[in-house]
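Note on naming: letters A, B, ... go to the chains in the order of the sequence lines (proteins, then strands), and numbering restarts at 1 for each one. Just so it is clear, the structure is predicted and the values come from calculations on it, not from any experiment.
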Amino acid sequence: MNLDDLNNVQKKAVTADNSHSLVLAGAGSGKTKVLSSRIAWLINTGQASFNEVLAVTFTNKAAREMLSRISMMLNRDMRGFWIGTFHGLCHKMLRLNWREANLIQNFQIIDMSDQLSLIKRLIKSANVNESKYSARDLQKIINSYKETGLRSNEIEVYDAYNKYIAEFYHLYENQCIRDGLIDFAELLLKSYDLLKNNQTIRNYYQERFKYILVDEFQDTNNLQYGWLRLLIGNSTSVFAVGDDDQSIYAFRGANIDNMSLFDKEYAKGNIVRLEQNYRSMGHILGAANSLIRYNNGRLGKKLWTQEGDGEKVLIVEKHNDLLESQWIVDEIKNLVRNGINQDDIAVLYRSNAQSRVLEHALFLSGVSYKVYGGLRFFERQEIKNVLAYLRLIVNRNDDSAWLRSVNFPIRGIGSRTIESLLEITKNNNISLYDAVAYHSGRSRNNLLMFNNIISTLEEASKKLTLVQLIEYVLEFTGINAFYKNEEETDRLDNLKELVTAATIFSAENNFSESPASLLIDVLQENMDVNLYNNISEQEKITPLLSFLSHASLEAGDNQFESEQPSVQLMTVHAAKGLEFEVVFITGVEEGLFPHENSMSDNSSIEEERRLMYVAITRARKKLYITMANSRMLRGQVRYSVKSRFISEIGEENAVFVKNKEKILSNNYLKSSSRYAPNTNSNKLSDGNMSFVDINGKKFVIGQNVKHKKFGIGTIIKLIGHGEESQAQISFDDFGIKTIMLGIARFE
DNA sequence: AAGCTTTGACTTTTT
DNA sequence: GTCAAAGCTT
């Protein structure tokens with residue numbers, strides 16, 4: 001194995017001795033490379049066997065990337081290797097030890113939306129006189145209790161609200177147990193409890209995993225830290241990699257202090273700093289360094305590069321959000337004209353709502369773009385409908401799945417029927433499936449038919465493979481026919497895609513030939529002789545259950561594969577871990593970035609600053625920061641001043657451009673952009689209209705108008721069609737303004 | 001059971 | 001301003 005393409009600091013990290021170490025890995029410093037190299041090095045030098053390493057990441061994507069790198073370095077098949085997300089690894093541990101964890105063998109994982117609907121259902125059936133809490137609130141509260149390691153009977157009850165929550169939490173726990181369901185937080189908590197309460201199992205894993213590597217350590221929550229702690233035995237060596245300056249997930253429980261805690265408890269000053277950056281040019285790094293200096297209590301780190309200063313950061317101020325977007329679109333066109341690929345351009349924003357204006361401007365000027373975020377593949381309605389049937393095959397007592405499928409496609413089973421069934425389940429403590437036998441209403445036959453469908457599917461699952469079973473479900477339940485009838489071609493395509501996903505999944509896991517509900521050994525290869533009898537028994541799981549777990553743990557992409565090069569639009573959070581040639585950070589105003597909800601206390605401001613730091617460090621060659629003096633927010637115009645972060649970037653790294661259109665072009669030229677801008681930014685570009693017809697009135701470029709407030713001016717630019725058309729008008733006394741033609745009052 | 005109107009929320013999000 | 005969900009009507 002060759003370590004020569006590592007720099008000295010990276011090499012030091014990769015070959016650190018057996019004690020614990022903490023690696024502070026700056027943005028773009030080769031973190032993934034170091035992690036993968038360390039694992040490969042440990043195995044290659046014989047210090048660790050294949051089965052003695054545990055690697056934890058936060059996303060499946062990160063796990064996949066690391067795995068493929070290691071696989072390449074070691075030139076071997078990595079199947080069976082313990083690498084994955086906290087949730088994925090806990091899941092694996094629970095499947096292996098389901099008995100000891102007090103689970104049923106075919107427990108199923110529910111995602112956030114499943115959890116929310118379950119909570120909604122419980123609120124209804126609990127019949128508590130007007131809960132003070134919404135389903136969302138309760139979901140948040142329950143999850144955060146779980147993430148601090150507390151179960152319903154461990155909550156300290158000091159008032160009525162608290163008592164209600166504890167009782168509701170208890171109700172929820174019971175329902176999950178009865179339905180054989182386990183939510184995301186519960187995967188961690190159950191696994192934590194297993195290790196904590198079962199000494200034999202704890203000893204086994206402590207002795208087995210001699211090397212534990214953790215990625216994105218700044219994103220761990222308290223429960224995850226506790227879980228790791230239970231895995232650390234006398235001879236365990238932990239290699240924790242993270243960047244306290246990129247901790248942006250406190251709102252979902254991440255505890256940035258876990259890094260210094262880890263240093264105190266384990267690493268004990270054994271810290272390596274990866275500060276050489278291979279991504280961004282000097283001024284961009286300068287801006288990032290300058291900004292982050294304003295945070296207190298950092299572990300300390302300063303990025304540097306050998307690649308030279310590059311261009312300064314361009315900070316652009318505009319009158320409003322529409323002009324901001326328009327300017328960005330024009331600039332993107334310039335960049336593209338100068339040979340930049342659209343895929344290499346990212347437009348980032350603090351909150352999703354901001355994408356609308358940007359999309360609108362991009363759309364009007366015909367620049368293709370791609371918005372990240374939104375529903376992922378396995379979260380789509382039509383997919384979830386199919387998955388619900390599959391869940392019922394595994395466990396017909398899964399009431400959540402039963403409710404979802406019973407009247408889809410429509411079988412004449414209405415809400416009255418459901419209500420009476422739910423009453424029966426409550427009184428007899430049985431599942432909805434079983435409650436059908438006690439129901440005597442008009443829909444009885446329809447209900448029996450539905451239950452029959454489940455039985456038929458279950459029989460089929462014993463003979464058909466996973467892929468055949470899914471195809472059978474699609475036909476037999478009438479789901480395909482339903483969407484065909486409704487001419488929902490997108491959904492039909494997605495259903496085909498589901499079959500493809502199952503095909504790929506089956507092939508990857510070597511069970512293309514097995515019946516869907518036959519228990520099979522999953523960890524065929526790479527298993528060492530059992531260290532302790534009865535513990536490292538092979539994982540037994542059915543292809544069907546395995547696929548369902550996969551669907552919950554890995555929701556899939558939220559974007560179809562792109563057909564053409566497109567500008568990338570996403571939140572700053574979504575951009576973490578990515579990099580682009582050119583980056584626009586938009587809406588950099590007080591109240592938006594930092595967000596107004598984060599402006600009250602210093603720790604949230606610091607998190608916002610880290611968010612800005614993440615945004616800046618995404619850019620390789622060119623960085624734009626834009627802001628608007630006013631913007632439409634929740635239907636109202638809001639005025640704001642530029643973000644404090646703009647001044648914190650440091651003047652030596654940036655060029656400021658005020659919102660006077662003509663000065664803009666000149667100033668910009670002085671910044672000697674490699675991508676020379678269009679000298680006349682007001683000239684007609686492809687997306688602009690030469691005339692606009694609105695409410696019977698015609699507007700043409702060059703036309704003179706008299707505005708009630710701004711007086712006489714000339715139309716220099718028309719943007720958009722119909723109701724939403726705007727005009728840029730050069731007023732004699734007020735300069736250039738952009739005006740909505742539908743609203744503006746002309747004389 | 002579908003189709004309408006009203007109400008209310010609204011920062012960021014992976015598993 | 002936009003979206004979803006709840007509530008009401010037919």
Side-chain angles (χ1 to χ4, degrees), chain A residues 56-63 84-91 109-117 120 123-124 134-137 140 143 146-147 182-189 191 215-216 219-221 223-224 247-254 321 348-357 359-360 372-376 378-379 381 407-418 443 486 549-558 570-577 587 591-599 604 607-608 610-612 614-615 631-638 724:
Chain A
V56 195
T57 61
F58 264 80
T59 63
N60 291 300
K61 198 176 153 207
T85 62
F86 278 99
H87 294 83
L89 295 166
C90 286
H91 170 242
I109 305 162
I110 51 170
D111 67 14
M112 293 251 286
S113 70
D114 296 330
Q115 184 187 38
L116 189 64
S117 24
K120 279 180 183 162
I123 291 176
K124 273 197 191 127
S134 67
R136 255 166 221 288
D137 287 342
K140 248 192 202 154
N143 286 338
K146 289 191 178 194
E147 275 160 19
I182 182 164
D183 61 49
F184 286 139
E186 190 66 32
L187 282 171
L188 289 163
L189 186 51
S191 177
D215 191 13
E216 307 277 18
D219 286 338
T220 51
N221 66 30
L223 185 56
Q224 287 159 342
S247 162
I248 55 173
Y249 284 112
F251 70 92
R252 66 174 198 217
D321 49 348
L348 310 183
Y349 34 83
R350 174 67 238 274
S351 59
N352 287 305
Q354 288 166 252
S355 75
R356 234 195 88 252
V357 188
E359 284 182 67
H360 189 68
Y372 284 78
L375 277 190
R376 321 259 291 289
F378 285 109
E379 292 167 351
Q381 186 207 101
N407 203 32
F408 183 85
I410 298 154
R411 299 194 176 86
I413 298 167
S415 50
R416 292 269 299 279
T417 307
I418 300 296
S443 313
E486 302 276 309
S549 302
H550 166 78
S552 307
L553 285 171
E554 195 167 345
D557 293 329
N558 44 24
M570 66 189 86
T571 64
V572 180
H573 281 93
K576 191 173 168 220
L592 237 203
F593 202 172
H595 196 274
E596 55 187 344
N597 296 359
S598 308
M599 284 167 66
S604 338
E607 174 137 329
E608 294 284 308
R610 291 192 290 269
L611 197 51
M612 188 68 186
V614 169
R631 72 173 60 241
M632 238 358 181
L633 221 65
R634 295 181 202 169
Q636 284 183 320
V637 179
R638 286 214 346 197
E724 294 183 65

What's the closest nucleotide to the side chain of Met112(A) if the choices are dT15(B), dT12(B), dT11(B)?
dT15(B)
Could you tell me the separation between the CG atom of Leu188(A) and the P atom of dT15(B), rounded to a whole number of Å?
13 Å
How close or far is atom C1' of dC10(B) from atom CE of Met632(A), stated in whole angstroms?
16 Å
Report the distance from atom CD of Glu607(A) to atom P of dT13(B), rounded to the nearest whole Å.
12 Å
Given dT11(B), is OP1 or OP2 found less than 4.0 Å from the side-chain N or O atoms of Arg634(A)?
yes
Phe184(A)-dT14(B) aromatic stacking (under 5.5 Å, under 30°)
no
Taking Glu607(A) first and then Arg610(A), would you say they form a salt bridge - that is, a charged N and a carboxylate O separated by under 4.0 Å?
yes
On the nucleotide dT15(B), are OP1 or OP2 found under 4.0 Å from the side-chain N or O atoms that Arg252(A) carries?
no
What integer distance in Å separates Lys61(A):NZ from dT13(B):C1'?
14 Å
Looking at residues at least two apart in the chain, or sitting in another chain, which of them share a side chain to side chain contact (heavy atoms under 4.5 Å, CB included) with Ser549(A)?
His91(A), Arg95(A), Ile109(A)
Could you check whether Tyr249(A) gets within reach of a base, just the sugar-phosphate, or nothing at all, counting any heavy atom under 4.0 Å?
sugar-phosphate
Does a side-chain N or O from Thr571(A) land closer than 4.0 Å to OP1 or OP2 of dT13(B), or not?
yes
Please enumerate all residues that pass side chain to side chain contact (heavy atoms under 4.5 Å, CB included) together with Ala555(A), with sequence neighbours excluded.
Arg376(A), Glu379(A)
Examine dT2(C): is either OP1 or OP2 under 4.0 Å from a nitrogen or oxygen in the side chain of Arg356(A)? Give yes or no.
yes
Separation of atom NE2 in His87(A) from atom P in dT13(B), rounded to whole Å:
17 Å
Taken to the nearest whole Å, CD1/Ile110(A) to P/dT15(B) is 17 Å
Set of salt bridge (charged side-chain N to carboxylate O under 4.0 Å, His left out) partners for Asp114(A), sequence neighbours left out:
Lys384(A), Arg391(A)
What class does the angle between the rings of Tyr249(A) and His573(A) fall in, given that below 30° is parallel, 30 to 60° is tilted and above 60° is perpendicular?
tilted
Nearest to side-chain heavy atoms of Arg376(A), which nucleotide of dT11(B), dT13(B), dT14(B):
dT14(B)
Quick one: which of dT15(B), dT12(B), dC10(B) gets closest to the side chain of Arg350(A)?
dT12(B)
Please determine if a side-chain N or O atom of Asn60(A) lies less than 4.0 Å away from the OP1 or OP2 oxygen of dT15(B).
yes
If every non-hydrogen atom of Leu188(A) is compared with every non-hydrogen atom of Phe86(A), which pair is closest and at what distance?
CD2-CB, 3.8 Å
Base, sugar-phosphate or nothing for Phe58(A)? Non-hydrogen atoms, less than 4.0 Å.
sugar-phosphate
How long is the straight-line distance from CZ of Phe184(A) back to CD of Glu147(A), given to the nearest 0.5 Å?
11.5 Å
With a 4.0 Å cut-off on heavy atoms, is Asn352(A) in touch with a base, just the backbone sugar-phosphate, or nothing at all?
sugar-phosphate
Compare all side-chain heavy atoms of His87(A) with those of Gln224(A) and state whether any distance is below 4.5 angstrom.
yes
Distance, rounded to the nearest Å, where Gln636(A) contributes CD and dG1(C) contributes P:
10 Å
Pairs: protein N or O with nucleotides 1-6 of chain B N or O, under 3.5 Å:
| from | atom 1 | to | atom 2 | distance (Å) |
| --- | --- | --- | --- | --- |
| dA1(B) | OP2 | Gly414(A) | N | 3.4 |

How many Å lie between NE2 on His91(A) and C1' on dT15(B), as a whole number?
12 Å
Short heteroatom pairs, N/O only, protein and nucleotides 4-7 of chain C, under 3.5 Å:
none

Considering only heavy atoms from C-beta outward, does the side chain of Asn143(A) approach that of Gln115(A) to under 4.5 Å?
yes
What do you reckon, do His595(A) and the base of dT11(B) stack, with centroid distance below 5.5 Å and planes below 30°?
yes
Represent DNA chain B in dot-bracket notation, 5' to 3'. Only Watson-Crick or G-U wobble pairs with both distances under 3.5 Å count; pseudoknot-style crossings use [ ] and interstrand partners use |.
||||||||||.....
